[in-house]
Amino acid sequence: MGKPFYEFGSASFRRELHDQYLIPAARWFLRDSSSAYLLPQSSGSNWECAMAMEYLVGLTEATSAVEADSREIENRTVATTRWLTSQARTESDGAINWDGTQWDTAVTLRAIIVAHEKYPGSFADAERTFLDALEEGATKWLVGCVVSWHMETESRGRYLAGPADLAQVLIALMVLNERSPRRVERVQAAFGFTADASAIDEAVRVLLAQANSERISADSDRGDSEEFHYWVDAFNSGEVIDALTRYYLVYHESNSAASRGYSVRARDLSLECLRFMECTQSEGTWGGIADTCGTLYYYLLVGSRLKSFNYQDHIVFKALRWMCDGNQSMADGSFLHSSYTTVFYALALLEAFRNWELGRRSSAEVYDVALWLAPNLVSHERSRRLELELRLEDSLAKERRLQDAALRGRLRFRSVVASALGAVSTVLLTVIFGAANLSASSEIVDSGVFWGILGIGAVVVPLGVSAYRKDLGSRLHS
């Protein structure tokens with residue numbers, strides 16, 4: 001693990017984050033010296049390779065501290081790009097995808113494009129020509145995905161896949177449209193779309209329709225609640241608002257009235273969703289491990305695009321503190337030794353390094369501000385929990401009292417029974433031994449024997465009963 005937060009020195013928090021966590025994460029992706037590729041390639045995962053490439057390229061642009069590793073990053077990224085290109089699958093109609101899935105295809109295609117743009121001199125002319133053919137086939141496949149979503153909605157009243165899948169398709173189509181608008185327009189036209197009703201607009205329309213709404217407590221002290229829009233959960237929502245805010249930035253001044261209307265709605269729901277993330281964080285997390293890393297990444301990324309939004313510093317700090325804890329941030333720079341989680345972990349750290357303004361201050365200031373500004377979000381929940389704990393404690397005490405009373409009742413009953421048995425035993429002994437010493441004329445033959453037996457019985461039986469009752473009494477008081 002990197003240095004714990006509380007050991008950070010006088011340098012800015014972001015610099016400590018950079019040195020202790022960002023750089024080790026980058027080197028973890030490069031650690032397999034026996035391979036020409038980035039580490040995730042060993043698992044055969046296209047999308048993990050793609051997101052690792054996105055992180056490394058972003059890191060080289062954000063800081064010069066990786067200059068010593070920059071050549072290695074370039075070589076591994078270019079080699080991994082070629083491997084990803086070889087994994088593309090061409091359908092009979094010329095459409096191209098990766099693993100036949102929308103999410104993987106969109107993410108992988110974007111990473112390949114980023115690598116070509118970042119390192120143009122590392123690719124031969126034939127490779128750049130093939131990239132053009134790759135974009136043509138992928139555009140056809142992605143537009144076809146939007147058509148399938150539309151048809152599924154119209155015919156069955158349900159959606160083909162999750163909103164995160166469609167969000168990634170939307171981002172990829174916007175990237176492709178920026179690179180070659182004519183190509184996208186031509187492919188869209190083949191599917192029946194027009195300039196005023198494009199596949200991009202249709203994807204946004206469907207995403208907006210997929211939004212869930214829920215009233216959630218936003219101020220636990222006063223019990224106030226707000227209505228928030230979100231998609232499935234915080235992590236999925238992050239991917240969706242990443243796409244929607246990209247759309248807003250490009251189309252909010254569009255000549256198309258429909259596009260302008262969609263863009264305003266996209267901005268408004270994105271802001272609501274950012275508040276949803278803030279209100280649903282619990283102990284610095286949003287559900288699972290990858291979910292927390294991914295949600296923080298999108299919270300920081302999307303928040304940086306919207307001028308009207310200000311980060312809640314305590315939300316960012318708590319998530320970072322949880323992520324960088326030694327229980328999961330490993331000494332080798334990874335997050336639990338898994339590329340699946342490390343890619344989101346690394347991207348979240350990079351986004352905090354880039355865009356979190358408070359991180360430019362010293363670590364002591366970050367701690368102070370994050371603690372001071374943190375609202376009392378859990379006071380209502382804490383009061384309710386304490387109330388329930390007190391009720392439980394009272395119930396357990398009442399149960400113990402009832403059990404003690406029942407035990408005492410049983411012991412008292414046994415004491416009474418023992419006393420009664422003692423009295424009866426004394427009488428019986430008197431009768432039995434008396435009868436044995438009576439003559440036929442009812443005269444006592446040997447009165448000494450009779451009175452001796454009676455005297456012994458009168459002493460022994462009460463002593464036995466008394467000892468038994470004493471034992472019962474001690475058990476009663478215990």
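- Heavy atoms from other residues, nucleotides or ligands lying under 6.0 Å from CD of Glu227 number more than 12.
- Once rounded to the nearest 0.5 Å, the distance linking OG of Ser148 with CH2 of Trp141 reads 8.5 Å.
- Between His18 and Phe353, the ring planes lie tilted relative to each other; the angle falls in the 30° to 60° range.
- Within 6.0 Å of the CZ atom in Arg215, the count of heavy atoms belonging to other residues, nucleotides or ligands exceeds 12.
- The neighbour count for Glu117 CD, taken as heavy atoms of other residues, nucleotides or ligands under 6.0 Å away, is above 12.
- Residue Glu127 places its CD atom among more than 12 non-hydrogen atoms of other residues, nucleotides or ligands, all under 6.0 Å distant.
- Residue Arg305 comes nearest to Ile241 through the heavy atom pair NH1-O, 4.5 Å, listed as atom of the first residue, atom of the second, then distance.
- In this structure, Tyr299 has its ring center closer than 6.0 angstrom to the ring center of Phe309.
- Of the candidates Leu320, Ile315, Leu349, Thr285, Leu320 is the only one forming a side-chain contact (heavy atoms from CB on, under 4.5 Å) with Leu296.
- A ring-centre distance under 6.0 Å is not found for Tyr367 and Phe13.
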Given Tyr345 and Ser329, is the side chain to side chain donor-acceptor pair (under 3.5 Å) satisfied, shown in steps? CA-CA 9 Å; Tyr345 161 78; Ser329 179; 2.9 Å; yes
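- Within the structure, salt bridge (Lys or Arg N to Asp or Glu O under 4.0 Å) pairs that include any residue of residues 133-143 comprise Glu135-Arg179, Glu135-Arg183, Glu136-Arg183, Glu136-Arg186 (at least two apart or interchain).
- Side-chain contact check for Leu176 versus Leu142: some heavy-atom pair is nearer than 4.5 Å.
- Ring-plane geometry between Phe276 and Tyr230 is classed as parallel, the angle between the planes falling under 30 degrees on a 0 to 90 degree scale with a further cut at 60.
- With Asn46 as the fixed residue, the side chain to side chain donor-acceptor pair (under 3.5 Å) test singles out one of Thr108, Asp99, Thr105, Thr80: Asp99.
- Within a 6.0 Å sphere centred on CG of Asn255, heavy atoms belonging to other residues, nucleotides or ligands number 12 at most.
- Note on Arg354 versus Glu351: salt bridge recorded, some NZ/NE/NH1/NH2 to OD/OE distance being below 4.0 Å.
- Using a 4.5 Å heavy-atom threshold, the side chains of Leu166 and Gln210 count as touching.
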Test Phe317 against Tyr311 for ring pair (Phe, Tyr, Trp, His ring centres under 6.0 Å), laying out the working first. CA-CA 10 Å; Phe317 181 76; Tyr311 298 125; over 10 Å; no
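- Aromatic ring orientation, Tyr262 versus Tyr247: tilted (interplanar angle from 30° to 60°).
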